[in-house]
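What you see below is based on every heavy atom in this structure, not just the backbone, and it leaves out hydrogens, waters and symmetry mates. To find a chain, count down the sequence lines: A is the first, B the second, and so on, and within it residues start at 1. Here the structure is a predicted model, which means the values were calculated and not measured.
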There are 2 protein chains.
Amino acid sequence: MNEVAAKSKGDSAQPRKLSRAARRQQLIEATIETIAERGYARTTLTDVANRAGLSHGLVNFHFETKEKLLTETLVFLSEEYRANWVAALAAAPDTPAQQLDALIRADFNPEICTSARLAAWCAYWGEAQCRPLYQEHCGSNDAEYFRAMLGICERLASEGRYGYNPTLAARVLRVTLEGVWLDMMTMNTPYSRAEALTTVYACAAAFFPHHFTLDGPKPAEGA
Amino acid sequence: MNEVAAKSKGDSAQPRKLSRAARRQQLIEATIETIAERGYARTTLTDVANRAGLSHGLVNFHFETKEKLLTETLVFLSEEYRANWVAALAAAPDTPAQQLDALIRADFNPEICTSARLAAWCAYWGEAQCRPLYQEHCGSNDAEYFRAMLGICERLASEGRYGYNPTLAARVLRVTLEGVWLDMMTMNTPYSRAEALTTVYACAAAFFPHHFTLDGPKPAEGA
DNA sequence: TCCCATTTTGAATGATCAGTCAATATTCTG
DNA sequence: CAGAATATTGACTGATCATTCAAAATGGGA
């Protein structure tokens with residue numbers, strides 16, 4: 001992605017040919033940006049191509065149809081999202097509080113949580129024709145995410161002897177994360193990432209007060 | 001609305017002429033259903049008119065342009081939503097727990113929380129061109145909603161002597177409600193309203209355990 | 001009943017846009 | 001370097017769709 005990003009920024013430095021994969025990636029990035037700026041409904045292949053500094057015939061050359069371009073863009077977003085939280089979990093210490101913290105912070109990773117990506121996600125959620133598509137391509141990722149969240153909540157619940165059903169805690173945390181993302185899109189005075197993070201920590205602290213405060217996980221504690 | 005709904009259901013019972021307001025309302029309902037079924041991007045005036053059993057020229061007669069039709073549909077949804085929660089608050093007992101319960105339940109009122117309306121909201125959220133529009137027409141309603149939610153949370157916080165910042169509790173409750181709505185759209189095994197309600201109650205119970213359980217507000221209690 | 005204002009229809013118009021393709025440019029291979 | 005393979009361009013085509021408008025239908029009032 002760095003290679004492509006670097007190339008696509010420079011106005012005239014475009015190499016005539018890029019590897020097949022790099023060119024496709026460049027067009028997918030342009031698609032995300034176009035959806036964010038113009039909306040899904042008014043995104044045209046010419047827009048996407050122009051944004052990438054290419055001619056629109058090329059989009060059909062690489063993706064065959066507009067529909068396939070939009071599908072592959074969604075798949076890319078979904079995989080990128082998944083890879084991000086999986087990596088965050090792997091990098092965090094294996095205590096449930098640190099794992100939940102990593103999962104929460106992953107959602108606000110500046111690489112993932114850009115305004116263009118938020119807008120594109122929101123557009124896909126809203127497109128009815130995309131719903132079967134979404135479930136086909138992203139449903140398994142969502143399910144995996146929820147299992148991860150649930151496993152962490154179960155460990156927290158047993159450690160902290162909380163009275164809550166961990167399934168409900170996991171569900172509330174997930175919808176809170178989703179809702180905050182949506183809020184960042186629709187509010188007229190959009191929050192900063194820091195405010196968004198505090199909101200989610202407030203939720204975590206409400207469910208797991210032995211483990212979390214508004215500032216994040218407590219240093220170290222048993223039950 | 002009842003008059004229009006009744007008329008629009010019957011296939012042949014359409015009176016040739018309806019009052020201006022009733023016809024417009026009928027077209028707005030058809031717009032919501034069309035957006036839900038076909039998506040915002042693929043909604044055409046002919047679709048909307050056909051769904052209402054009318055000719056497409058009539059849409060322009062009543063709304064002048066497609067854009068104005070879509071704008072007025074959004075404004076209708078926003079006003080309908082607002083009227084619903086305002087009425088629910090007015091009808092509920094004036095204790096903070098009952099008020100919060102009313103506000104939560106209002107979101108799942110079967111008249112408001114239909115799959116077509118959820119899908120239409122989601123489509124509008126996702127349309128970039130609608131964002132300035134949304135804030136212009138719905139921003140004040142959203143702000144009013146948040147003030148109501150915050151007021152209730154402040155009363156609960158002082159009654160229950162909870163340690164939380166009521167602003168954060170209000171924000172988490174609001175994003176949880178939004179997130180649950182979004183979930184009802186995007187999940188492949190969509191929850192029932194009852195499950196959605198339990199999820200939100202779990203959130204309320206986490207923040208206000210003296211006042212709420214997973215089944216709703218506790219019968220009656222002081223601090 | 002006969003007008004007149006209003007509503008409704010659907011054919012015609014013009015703009016937009018996805019997809020095609022022949023021509024051209026570029027890179028790779030031998 | 002020659003020639004093949006691949007990538008890129010942009011003019012063209014056909015389909016779709018918002019908008020216009022003249023004609024027809026309707027209902028209300030005199």
Nearest-Å distance for atom pair CG/P, residues Leu54(B) and dT26(D): 14 Å

Could you tell me how far apart Arg24(B) (CZ) and dT6(C) (P) are, to the nearest whole angstrom? 16 Å

Who passes side-chain contact (heavy atoms from CB on, under 4.5 Å) against Ala83(B), sequence neighbours left out? none

Specify the angle, to 10°, made by the local axes at the two ends of the helix from dT1(C)-dA30(D) to dG30(C)-dC1(D) when five pairs are taken at each end. 10°

Residues in residues 56-71 of chain B with a heavy atom under 4.0 Å of DNA chain C, by number, are His56(B), Gly57(B), Leu58(B), Phe61(B), His62(B)

Return the residues of residues 36-46 of chain A meeting this criterion: a heavy atom under 4.0 Å from some atom of DNA chain C. Order them by number, or give none. Thr43(A), Thr44(A), Leu45(A)

Is it the case that the side chain of Glu154(A) and the backbone of Pro166(A) share a donor-acceptor pair, with hydrogens and angles ignored and the cut-off at 3.5 Å? no

Examine distances only and state if a side-chain atom of Arg24(B) and a backbone atom of Glu72(B) form a donor-acceptor pair shorter than 3.5 Å. no

Would you indicate, yes or no, if dA7(D) has its OP1 or OP2 atom less than 4.0 angstrom from a side-chain nitrogen or oxygen of Arg20(A)? yes

For Met184(B) against Cys113(B), the heavy-atom pair lying closest together: CE-SG, 3.7 Å

Measure across Gln135(A) and Thr186(B) and return the closest heavy-atom pair with its distance rounded to 0.1 Å. NE2-O, 3.2 Å

Is the number of heavy atoms from other residues, nucleotides or ligands under 6.0 Å of Glu79(A) CD greater than 12? yes

Without hydrogens or angle criteria, can the side chains of Asn141(A) and Ser78(A) be said to hold a donor-acceptor pair below 3.5 Å? yes

Is there a salt bridge (Lys or Arg N to Asp or Glu O under 4.0 Å) between Arg38(B) and Glu33(B)? Walk through the geometry before answering. CA-CA 8 Å; Arg38(B) 310 246 308 149; Glu33(B) 289 164 22; over 6 Å; no

Show every salt bridge (Lys or Arg N to Asp or Glu O under 4.0 Å) that has at least one partner inside residues 170-182 of chain B, sequence neighbours left out. Asp183(A)-Arg174(B), Glu195(A)-Arg171(B), Arg174(B)-Glu178(B)

Here the salt bridge (Lys or Arg N to Asp or Glu O under 4.0 Å) pairs for residues 136-153 of chain A, sequence neighbours left out, are Arg82(A)-Glu144(A)

